Amino acid sequence: MTAKNPICVALDTPDIARAASLARALKPHVGYLKVGMEFFYAHGAKGYETVAAEGLPIFLDLKLHDIPNTVGQAMQALMRLTPCPAIVNIHASGGADMMKAAAEAVDGRARLIAVTLLTSLSKADIDAVGFDPALDTASHALRLAKLTQSCGLDGVVCSPHDLAGIRQNLPRGFLTIVPGIRPEGSNVQDQKRIATPSAAIAAGADILVIGRAITGADDPAQAASTIRAGLHAG
Ligand code: C5P
């Protein structure tokens, strides 16, 4: 699936009025809105519904990671939101049984995606967690992506640097959602494994998650529109 407009803007704010006004301003320029933990934990279903009412499909980025029974029940609760989120996610490192429990609960009502490795983690960070240091990050991400696909999920969240291996080894219909996006010359901040929007699309990204490069701009709508125009030009 390649979205017509592959930009998913991360509304990383706990402020409900700001989230709603960003959603309204960005609606003509982006394909999806991403609602994350800081917003959902602060405002719950009511806040979610306020943002979703702006009409764009929602990626509800709560990255569930717990025992299979808990994740399955949490997913069932998320499927009762109105409207149902277009995309929901879990951590692939929660294991096969957890992913299958989530898939059963979602039951095709949303795209279910697994996070491979957070883009804020460097190789040293990943080694420190206890992953095999002989493998590079792309190999870890590919292993987790293969496990994700074998559990019947729709795709993964991965770094732009991990895309090539995933594209070479998994079917084209397997969705890749890619954060760590930084337009040429913008501030890297806490992200470590990054790419420009057009480089990520060229590497096979289906959806680009972009937060601060849009929401932190003086004119977020203009920033989103410029990024989108750059994708068509590239
Ligand atoms: O501001 P920035 O573009 O770095 O925001 C990236 C967004 O993508 C944040 O909402 C972050 O939670 C999310 N994300 C990420 N890395 C992942 C998964 C999600 O940065 N592996």
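Because the structure is predicted, anything quoted here is derived from the model rather than measured. Read the numbers this way: they start at 1 and go in the same order the structure lists the ligands and their atoms. For this chain, numbers begin at 1 and follow the sequence in order.
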Considering only non-hydrogen protein atoms, determine which one is nearest to [atom] and report residue, atom name and distance to 0.1 Å.
atom: atom 16 (N) of ligand 1; value: T119 OG1, 2.7 Å
atom: atom 19 (C) of ligand 1; value: K63 NZ, 3.3 Å
atom: atom 3 (O) of ligand 1; value: G211 N, 2.8 Å
atom: atom 20 (O) of ligand 1; value: Q191 NE2, 2.8 Å
atom: atom 11 (C) of ligand 1; value: K34 NZ, 4.0 Å
atom: atom 17 (C) of ligand 1; value: P179 CG, 3.4 Å

Residue pair [X] / [Y], side-chain heavy-atom distance below 4.5 Å:
X: I201; Y: L208; value: yes
X: K146; Y: L142; value: yes
X: I207; Y: I87; value: yes
X: P171; Y: Q149; value: yes

Seminar exercise, completed: Candidates E38, R212, R182; heavy atom nearest atom 1 (O) of ligand 1 found on R212
Can you list the atoms of ligand 1 that are under 4.0 Å from a heavy atom of [X]?
X: L118; answer: 17 (C), 21 (N)
X: A10; answer: 10 (O)
X: V209; answer: 7 (C), 8 (O)

Quick one: does ligand 1 sit under 4.0 Å from the side chain of [X], the backbone, both or neither, non-hydrogen atoms only?
X: D12; answer: side chain
X: Q189; answer: neither
X: T215; answer: neither

Under 3.5 Å donor-acceptor, [X] side chain and [Y] backbone:
X: D127; Y: A124; answer: no
X: D66; Y: V71; answer: no
X: D206; Y: T176; answer: yes
X: H29; Y: A223; answer: no

Exercise. Taking the non-hydrogen atoms of L117, is any one of them nearer than 4.0 angstrom to ligand 1?
Worked result: yes
Problem set entry | H140 and F131 aromatic ring geometry - parallel, tilted or perpendicular at 30°/60° bounds | perpendicular
